[in-house]
Amino acid sequence: MAWDLLGKVLVSRSVDGTVAVRLTEVEAYLGPDDPACHTAGRKRTDRVQSMWGEAGRAYVYMIYGLHHCLNVVTVGEAGEAILLRGAVAVSGDELIRLRRGPTVSRKHLLNGPGKLCQALAVDRGDDGVDLCDSVGRLWIADDGTIPRPEAVEVSGRIGVDYAGDAAHWPLRFVWRPDGHAGIMGPGG
DNA sequence: TCTAGGATCGGCT
DNA sequence: GCCGATCCTAGAT
């Protein structure tokens with residue numbers, strides 16, 4: 001599930017070099033029964049095709065015409081996926097700064113899905129790639145890091161108010177390695 | 001072909 | 001912390 005992705009290392013390799021980041025913030029989308037999900041109502045357009053593909057693959061889409069968002073497909077036949085919202089740099093710091101801009105503060109480097117994709121140079125071309133395949137351009141590595149449960153904050157999802165109650169479902173997981181996080185139920 | 005809306009970001013206060 | 005730019009995608013005609 002989404003929780004298991006926290007602490008995992010997302011690696012992106014390109015001609016410019018390699019970037020690795022540790023995932024700290026994810027959001028789950030539960031498929032046809034989730035109004036906030038792109039596969040709500042069993043929708044199956046070209047864009048969401050990879051969400052119905054194999055588990056462990058990437059689903060990359062463009063939002064607001066200018067940003068990309070990277071998801072991990074969890075249950076392909078169910079159209080479920082997990083949106084990667086935030087991370088901290090592990091290696092390739094210079095390349096990340098180069099892509100994000102030299103004036104961007106460390107705090108704002110990877111704290112959003114669009115920023116994450118920019119730092120890792122992820123775009124629609126990466127849609128459908130196998131994230132379990134370490135010889136690929138993009139994959140997820142596991143170095144054994146497991147967040148302490150008390151350091152993980154659970155809350156409602158961001159930017160999906162249009163989905164009504166579903167926006168408040170406790171499907172957003174934020175790992176705060178430095179501090180403590182209270183466990184919050186739906187509604188705060 | 002046209003229209004409406006969106007899983008965001010960055011600048012300004 | 002708040003607000004508006006931006007243009008791709010999907011659905012309707």
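Below, chain A is the first sequence line, B the second, and so on; all start at residue 1. A quick note: this is a predicted structure, and the numbers were derived from the prediction, not measured.
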Atom-to-atom span, [atom1] of [X] to [atom2] of [N] - whole angstrom:
X	N	atom1	atom2	answer
A/Glu25	B/dC9	CD	P	10 Å
A/Ile63	C/dG4	CD1	C1'	16 Å
A/Leu110	B/dG10	CG	P	12 Å
A/Asp123	C/dC7	CG	P	17 Å

Q.
Is the base of B/dA7 stacked against the aromatic ring of A/Tyr61, taking ring centres under 5.5 Å apart and planes under 30° as the test?
A.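 No, the aromatic ring of A/Tyr61 does not stack with the base.
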
Residue [X], side-chain heavy atoms: nucleotide from [options] that is nearest:
X	options	answer
A/Val160	B/dA7, B/dG10, C/dA10	B/dA7
A/Asn71	C/dT6, B/dC9, B/dA7	B/dA7
A/Thr45	C/dA10, B/dC9, B/dA7	C/dA10

Q. Within less than 4.0 Å of OP1 or OP2 of C/dG11, is there a side-chain N or O belonging to A/Arg47?
A.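 Answer no for this pair, as no side-chain N or O of A/Arg47 is under 4.0 Å from OP1 or OP2.
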
Q) So, is A/His38 near the phosphate of B/dA7, with a side-chain N or O under 4.0 Å from OP1 or OP2? A)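 Yes, because at least one side-chain N or O of A/His38 sits under 4.0 Å from OP1 or OP2 of B/dA7.
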
Q. Should we count CG of A/Asp123 as having more than 12 external heavy atoms under 6.0 Å?
A.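 More than 12 heavy atoms, drawn from other residues, nucleotides or ligands, come within 6.0 Å of this atom.
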
With the side chain counted from C-beta on, respond yes when [X] and [Y] share a heavy-atom pair under 4.5 Å apart, and no when they do not.
X	Y	answer
A/Leu110	A/Arg22	no
A/Leu10	A/Leu138	yes
A/Arg106	A/Asp93	yes

Q: With heavy atoms under 4.0 Å as the rule, sort A/Arg85 into base, sugar-phosphate or nothing.
A: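 Counting heavy atoms under 4.0 Å across all strands, the contact made by A/Arg85 is with sugar-phosphate only.
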
(Q) What's A/Arg172 touching, base or sugar-phosphate or nothing? Going by heavy atoms closer than 4.0 Å. (A)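 Nothing, no heavy atom under 4.0 Å.
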
**Q.** Pairing partner (Watson-Crick or G-U wobble, both distances under 3.5 angstrom) of C/dT6
**A.**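 For C/dT6, the partner nucleotide comes out as none, under the 3.5 Å rule.
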
Q: Return yes if the base of C/dA5 and the side-chain atoms of A/Tyr64 contain a donor-acceptor N/O pair under 3.5 Å, otherwise no.
A: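 Looking at the base of C/dA5, it does not pair with any donor or acceptor on the side chain of A/Tyr64 (distance under 3.5 Å).
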
**Q.** Residue whose closest nucleotide on DNA chain C lies nearer the 5' end, A/Arg124 versus A/His67
**A.**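 Nearest-nucleotide comparison on DNA chain C picks A/His67.
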
Q: Inspect the contact between A/Glu27 and A/Arg157 and indicate whether a charged nitrogen and a carboxylate oxygen are less than 4.0 angstrom apart.
A: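 A/Glu27 and A/Arg157: not salt-bridged.
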
